[in-house]
Structures are given as C-alpha cells and as structure tokens.
**Student:** 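Can you read through this structure? Questions will come right after.
The analysis underlying the following values was restricted to heavy atoms, covering all of them including side chains, and did not include hydrogens, waters or symmetry mates. Within every chain, numbering begins at 1; the chains are lettered A, B, ... in the order of the sequence lines, protein sequences first and strands thereafter.
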Number of protein chains: 2
Amino acid sequence: MARLNMRELALKLGVDRATVSRALSNDKAHLVAPATRERIRQAAGAAGYRPDLTAATLRRGRSHTVGILVSDLGNETFIDVIRTIFRHLDARSDAPSITPLIAETLDQPDATRRLIHTFLSRRVDAIISLASTEADTAILQDAAREVPVVLAIRAIAGAVFPSALCDDRAGGAMVATHFAERGHKIVCQVQGPPLSATFKNRALGFSEVCASRSIVEMPQRIFAETATSGAGKRALDALLAVSPRPTAIFAHNDALALGVIEAMRHRGLRCPEDLAIVGFNNTQLSRILAVPLSTVDYPVEEVSRHAGELVRNLIADPSYRFESRLFTPSLIVRASS
Amino acid sequence: MARLNMRELALKLGVDRATVSRALSNDKAHLVAPATRERIRQAAGAAGYRPDLTAATLRRGRSHTVGILVSDLGNETFIDVIRTIFRHLDARSDAPSITPLIAETLDQPDATRRLIHTFLSRRVDAIISLASTEADTAILQDAAREVPVVLAIRAIAGAVFPSALCDDRAGGAMVATHFAERGHKIVCQVQGPPLSATFKNRALGFSEVCASRSIVEMPQRIFAETATSGAGKRALDALLAVSPRPTAIFAHNDALALGVIEAMRHRGLRCPEDLAIVGFNNTQLSRILAVPLSTVDYPVEEVSRHAGELVRNLIADPSYRFESRLFTPSLIVRASS
DNA sequence: AACCTCTTGTCAATCGATTGCAAAAAGTGT
DNA sequence: ACACTTTTTGCAATCGATTGACAAGAGGTT
C-alpha cells in the first residue's frame, strides 16, 4: 500500500501536480485561484496527504533541519538548552518549523567528525554546536564552509563563530563579589577541567575580583579532573590540607559543589558555618539539597533564543551580519553561603 | 560553490555514475572490479565527496532514520534510555548507522500528532515512542500502518505494539518484599499520576505482596499530582495525618522520595529510623543524598537494547515475529531503608 | 571457430516535489 | 469586437543517487 503522492492527488482532482504544489505551499499559494486552492487543500486534508520532505529537500536544497551537536546528554544544563532551542525552532506562524537532529559527541573528536559528516550528508541547513571543545575547531570550520555553524554554551578560543554564550567571567566575578560582601578574606575555587573555556572564564572573573578586593585565594586553585560530584569530594581533601583555611568555596558547577558538601558532611563540617559554598548552573539539585545551594543561574532561555535566532537568520541569509552575544547570569543566594 | 556530486565525480574519473554508486555502496561493491573500486574510493575520499542522503532516501525509500518521541526531556531516565538507544542505533560494522530524530511531546496529544506527521513526512524508517500515554494510542496506530512503531518504558493499555518495558509490577513487589523482610507491618505508597501504566503497575505489584504477607497499607494510597519532589513534600502531610502511622514508604520514583525526605527533615523526622523510604529509578540523585536512597534500578541498558533491536529487525522485515519483553529491575538497598 | 559463462560497465528510468517558462483563460478599457 | 494586461494553469526540466536491463569484453570449453 504505497503512500499517496502528489501526482496521484493531482490526478484525482483533475489538475496538474504543479497546481497542487503551489496550492499547498506557503509562499506561492497566491498563484492559484482561491477556489481551486481551497478545493485542493480540502482534498489533501481529507485524503491524509503528507508531502515527502526528502523529495522537497532534494529539489529545494533546503531541508528545514538543523544538526545539534552536544558533548554530553547527561548534563542537565545542556539538555535544558537543547529543549529550549527546540521550542524556538518549532513552528511559529511566520517561519516554517525546523526539525532538529541531535548527536552526542562525548567530546571525542573522531566521533564529532563522523557526526558532522552525517549531518552534512543529510543536508542540514545549519549546525549548532553545544559545548564543543577546541579539538573540534578544524572540523567545525570545514563544516562552516557548507552551512552556517553556530556555537552555544562554550566558545572556542581562536575561532570566530556566531555564538550565544553565558558570560562566565561575569558569573565568576559575581561569586567573588558576594564572598567579599560577606566578609570572606580567604577563599578557594574548585575549577572544572581547563580544556573548556567555560571554566577558564569562571576562574578568571573570580580571580580578578579577588585581586581587586585583596581577597586571598588559598590554595590558589584546585583542579577537578571532571566536573562531577566525585571529583568535588576529592577536592575537599586538597582544600583542608592548607593553612590558613579558606572560609568560602566557589565550585565551578553544582555537581562539584554537591561533592564538596557531601565530603564536608562526612567530616562533620557544617555549611555555611564552617565553609560557605557557591555553585554554578542552578540545577534542580541545587534547590533540593538539605542546605539549598547558592549558585549562579545559567541564562538558558536567552542563550537558547539567541542561538535559535542566529540559526534562523543565517539560514535565511548566509551573509547576515550576525552578532555574537554574551548573556549575563545571575547569582542566586541560598542557605549555603 | 556547489557541492561535489556523484555525476561530477564520475565524470572526473571517466566512469559512469552507476559505477561510482556501486563502488561506494556496501552491498553492491562486489559488482565492481576491485581495481576500479579502490580507485573510486580513493578519489571519493580525496575529493571529500559526501553522498546526498536525501537523494538516496528518495530513491531507496529508506532513510536510515528513526523518530524518537519522548514525553519529557527533563527526565533523567528517559534521557538515559535515549542515549543508550543512540549507541545501539549508531554504526556497527554489520548494519548501517541510523540517525535518530527526537521530539518532545510534553504529553500533549495534538503536539504528538503534529510531531508524528513530521516524522512520517521525513520518511523515518520507524518510530520509537518513549513513555507515551493512552491519549496517543490512535495516532500511534495510524502511524503504525506506515512504519513500525515500537514502545519503550510505558505500555499502552489496550493496544499491542512491539515493546521494551520495565517490569514495574515486579519492581513494586520487590519493594514490598523488602519491607516485609525488615519487619514493617504498616506501609504506604506515594503513587505517581495514574494516567501512566508505569505507576499503576508499580502500585499493583506492591499491593499484591502486601496482601499476601498481611502487611497493611495505610493510608491506602496517596496520589501525587505529578511525579516531582514538590508533590512528594505535600504527600508527607497526608501520610502523617493517619494513625497508626506507617513505618515505611514506597515512593514511585526518586523525585517523590526526595520530596518526602525533605519534608521529613523539616519536621525533624529521621530516615530510616522514623520512616524508611524506597524510591524508583536509581537516578544520580539517589546515590548522592545525605542518606543514600534505597531504590529500584531501572534496566536502562536492556530496555534500550531491546528497543533498538526491535526497530532494526522490524525495519529489515516488517513481518518480523517480534517479541515484546519485560525486563526485571533490581532493588538497590541503601541507607534509607 | 562457435558457443557459453561470467565479469564489468553503461544507459536510462525512477523516487516525489518544485519552479521557470509559456500557454490558456479571464478580465479591462476603448 | 479588439487589443491589452493580469490571473490561473499546465508542461517539462530539475535536484542526486540507485538499480534493472542490457551490452561489451574476457575467458573457458568442445
């Protein structure tokens, strides 16, 4: 039982398939007489006609599809951004809806290359790369010669792409300022893996404010191998080894913060009395903890909307004078600090 | 700068495009002389030729694409299943790799209908529906007349689809048995929204064991409007209103369990001394809590693998005698019980 | 030399929708 | 009634890869 196609529908109605095509299209519908148009639309609806988008794509050279690359689908913030982008790409009255293709790279450059090639083979109209690493730069630049490539969440050093990012530096600065206002003199950062610009910028913003307010960072910095709660637990050991001991900690994301808090609990340290702590991302977890976690709220909505708009505009006009933007996060103070 | 297509590549090599097509294909490569085949493959690689999959799809009637419908992308378990399915659909030496299209329904039937139509228009080879509700039955049955439809995570009452599910009833039973073994006489369930078969089955399995072991459920059942921690908090009030008071609670998922625990903390009740609690899903959260949560581990790997295999087999042969399977979860006992 | 088989490659049709061009139809003004 | 513009419709080529049918050539057998 083959699907109904446009040729058959046209035959049934006694018109040419060109007329059917025009009647059902958005932009050329005015080329067909109103009466005919309605007749065709009625019939198409009644017969359950559904156009074959692969055929349309082939002919038009436009698939109404964008590829989304993400390093880790387990990351709540990434998922939030993806689903928000979904919403912005989905049907709005004016523009046609866009179907997203998603691929998880797990930060492996060869997987990334393969996935990008698949995207291009499937003729995506654009690619959005969420949280890419510098290892992907060359591949993305290659891809960018065929379709617009937009970056979200993570910038890539030394490469200029249209992008929608969080101002991580400002976020780090907010935390330091907050610590200063609460009178902390000795503080410490638990930094995520430095291969990502995200964590470098958070560190930078934080350190700048510390320097200007003559707050001491001690130990100067603790690097977590991964941005997970397990690494956070281990970080506390390094932190307690120094003297004088810091009174406040900036963990580069909520998972790290949670790890630190758990480790504190095991040692009988109390939060915030013995050690204040602030995380980053405002994940569900942060609201839920026994001691609700102070954290920096990630501007998910803004980043996603801008990424979506960049993509829409660049697809419409590849020479569009895009504007990369940094969105400012906001500090949420809860009990942990 | 138009993309290199097969015609041009063939021209450059002085062979017919048919020969190029066969040389690059997997199943028909033996129809081309080994020397020519290698020459063509080399050239294709060097020139960075990438086949246009929309054209291939149009001609073959096979897109090597499956649509994945999911009710809520914020749900950790759903995401886990999706990414595991990804892995099983991705390239393995034997079969060609399949690109997943993802859509979030938010349990809205009209959105679901629209998304399924998009999938079909894009000629997906199959649809996997994760956690669909009964409202979707008719739409899914419609779709099933065009492509194989596979269910995962949630069954739909009164409709037979190939499916890969968790044996929620067994899971519920395990929890009840566990409570019985620990000597609890009065227990209670905090049940998720009953529109989903998942929660009904968990409740059923639990109650059956309680009945057979003469354990009292008191209050008989508490319904949470949503399966979230907020609802869990409110559930505790209902629970404490009764007398005699239960000594153990089965929350239908970890978020609900967390809510109950938080509410307990606010009232100064201790877990497990005052009230034992077991959740469901074994989310990251459950491991991380101050009192690590006993929970039922969801068989993510098995469910995903089976769903993937069903899809692969049904695509290869629509009349494949599929086997729907229930996978048994396992109880993980931690400090909370 | 005649005949057969097997390999290798070419030709051309095909998948289904879109669109430039031109023909037909309808409308307008004199 | 005629010349004209404008609207509506049809024709046919096109997007790029795949594949059935067939031809040309190579090699083997009697």
Side-chain angles (χ1 to χ4, degrees), chain A residues 1-41 44 47-65 96 118 120-125 146, chain B residues 1-41 44 47-65 96 118 120-125 146:
Chain A
M1 44 162 185
R3 283 167 52 133
L4 177 69
N5 64 21
M6 193 174 265
R7 179 206 236 69
E8 290 159 2
L9 183 59
L11 214 63
K12 191 146 65 179
L13 290 171
V15 296
D16 193 86
R17 30 201 228 292
T19 307
V20 175
S21 171
R22 285 191 273 253
L24 298 179
S25 82
N26 284 322
D27 51 335
K28 300 223 169 56
H30 64 277
L31 290 177
V32 42
T36 330
R37 190 200 316 145
E38 280 319 301
R39 192 165 62 96
I40 293 176
R41 292 196 160 178
Y49 169 73
R50 247 173 296 101
D52 183 321
L53 289 184
T54 65
T57 296
L58 178 59
R59 174 63 230 237
R60 284 194 303 231
R62 246 320 101 104
S63 64
H64 296 289
T65 275
T118 305
L120 294 175
S121 266
R122 295 204 180 275
R123 310 228 54 151
V124 294
D125 292 339
E146 283 189 48
Chain B
M1 48 164 184
R3 283 167 51 133
L4 177 68
N5 64 19
M6 193 174 265
R7 179 206 236 70
E8 291 159 3
L9 183 60
L11 214 63
K12 190 146 64 178
L13 289 172
V15 296
D16 193 85
R17 29 202 229 292
T19 306
V20 174
S21 172
R22 285 193 268 256
L24 297 179
S25 83
N26 285 321
D27 50 336
K28 299 221 170 57
H30 63 277
L31 292 177
V32 161
T36 330
R37 190 199 319 144
E38 279 320 301
R39 191 165 64 95
I40 293 176
R41 294 196 159 178
Y49 169 71
R50 248 173 296 102
D52 183 321
L53 289 183
T54 65
T57 297
L58 179 58
R59 172 63 229 237
R60 283 193 303 229
R62 263 291 121 95
S63 64
H64 296 289
T65 274
T118 305
L120 293 175
S121 265
R122 295 207 180 273
R123 311 227 56 151
V124 295
D125 292 338
E146 284 191 47

**Student:** In this structure, how many angstroms lie between the C1' atom of dT19(D) and the CG atom of Asn26(B), rounded?
**Tutor:**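 Distance check: Asn26(B) CG to dT19(D) C1' gives 16 Å.
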
**Student:** What is the distance, rounded to the nearest whole Å, between atom CG of Leu13(A) and atom P of dG10(D)?
**Tutor:**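 Taking atom P of dG10(D) as the reference, CG of Leu13(A) is at 11 Å.
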
**Student:** Let's see if you get this right: which residues in residues 52-62 of chain A place a heavy atom under 4.0 Å from DNA chain D?
**Tutor:**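 Within residues 52-62 of chain A, the residues near DNA chain D are Leu58(A), Arg59(A).
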
**Student:** Decide yes or no for Arg37(B) and Ile40(B): does some side-chain heavy atom of the first lie under 4.5 Å from some side-chain heavy atom of the second?
**Tutor:**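 Answer no - side chains too far apart.
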
**Student:** Using a 4.0 Å heavy-atom cut-off across all strands, classify Val20(B) as base, sugar-phosphate, or nothing.
**Tutor:**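 No contact at all - Val20(B) keeps every heavy atom at 4.0 Å or more from the nucleic acid.
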
**Student:** What is the distance from atom CG of Leu53(A) to atom OG1 of Thr118(B), rounded to the nearest 0.5 Å?
**Tutor:**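 So the CG of Leu53(A) and the OG1 of Thr118(B) are separated by 7.5 Å.
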
**Student:** Taking side chain as C-beta onward, heavy atoms only, is Asp52(A) less than 4.5 Å from Arg123(B)?
**Tutor:**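 Asp52(A) reaches Arg123(B) side chain to side chain.
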
**Student:** So, do Arg122(A) and Arg122(B) sit near enough that their side-chain heavy atoms are less than 4.5 Å apart?
**Tutor:**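 Not touching, per the 4.5 Å side-chain cut-off.
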
**Student:** Go nucleotide by nucleotide along DNA chain C from the 5' end; which of Arg22(B) and Arg50(A) gets its closest nucleotide reached first?
**Tutor:**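 Whichever sits nearer the 5' end wins; that is Arg22(B).
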
**Student:** Could you pull out all donor-acceptor pairs under 3.5 Å where a side-chain atom in residues 20-29 of chain A meets a protein atom, sequence neighbours excluded?
**Tutor:**
from     : atom 1 : to       : atom 2 : distance (Å)
Ser25(A) : OG     : Arg22(A) : O      : 3.1
Ser25(A) : OG     : Lys28(A) : N      : 3.0

**Student:** For the atom pair CG (Leu9(B)) and NZ (Lys12(B)), what is the distance rounded to the nearest 0.5 Å?
**Tutor:**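 Nearest 0.5 Å value for the CG-NZ distance: 6.5 Å.
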
**Student:** Would one find more than 12 heavy atoms of other residues, nucleotides or ligands at under 6.0 Å from atom CZ of Arg62(A)?
**Tutor:**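 Buried by this count: over 12 neighbours within 6.0 Å.
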
**Student:** Drop me the distance from Met6(A)'s CE to Leu11(A)'s CG, to the nearest 0.5 angstrom.
**Tutor:**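 Here the rounded value is 13.5 Å.
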
**Student:** Can you name the side-chain hydrogen bond (donor to acceptor under 3.5 Å, both in side chains) partners of Arg50(B), sequence neighbours left out?
**Tutor:**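 With sequence neighbours excluded, Arg50(B) shows a side-chain hydrogen bond (donor to acceptor under 3.5 Å, both in side chains) to Glu146(A), given in chain and number order.
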
**Student:** At the 4.0 Å heavy-atom cut-off to chain B, mark where contacts on DNA chain C begin and end, going 5' to 3'.
**Tutor:**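 Nucleotide range with atoms under 4.0 Å of chain B: dT8(C) to dG16(C).
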
**Student:** When you measure from every atom of DNA chain C, which of residues 27-36 of chain A have a heavy atom less than 4.0 Å away?
**Tutor:**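 Those residues are Lys28(A).
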
**Student:** So, for Val15(A) and Arg39(A), which heavy atoms are closest and what is the spacing to 0.1 Å?
**Tutor:**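 Answer, listing the atom of Val15(A) first, then Arg39(A): CG1-NH2, 3.7 Å.
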
**Student:** How sharply is the helix from dA1(C)-dT30(D) to dA26(C)-dT5(D) bent, taking the axes over five pairs at either end and rounding to 10 degrees?
**Tutor:**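 That helix has its two terminal axes inclined by roughly 50°.
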
**Student:** Closest approach of Ser121(B) and Pro51(A), non-hydrogen atoms and distance?
**Tutor:**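 Ser121(B) and Pro51(A) have their closest heavy atoms at OG-O, 2.9 Å.
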
**Student:** Within this structure, what is the CG-CZ distance for the pair Leu58(A) and Arg59(B), rounded to the nearest 0.5 Å?
**Tutor:**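 If I round to the nearest 0.5 Å, the distance is 13.0 Å.
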
**Student:** So, the side chain of Ser63(B) versus the backbone of Thr57(B): is there a donor-acceptor pair under 3.5 Å, distance only?
**Tutor:**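 Here the side-chain-to-backbone pair does not exist.
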
**Student:** CG of Asp16(B) versus C1' of dT18(D): gap in Å, rounded?
**Tutor:**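 About 12 Å, once rounded to whole Å.
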
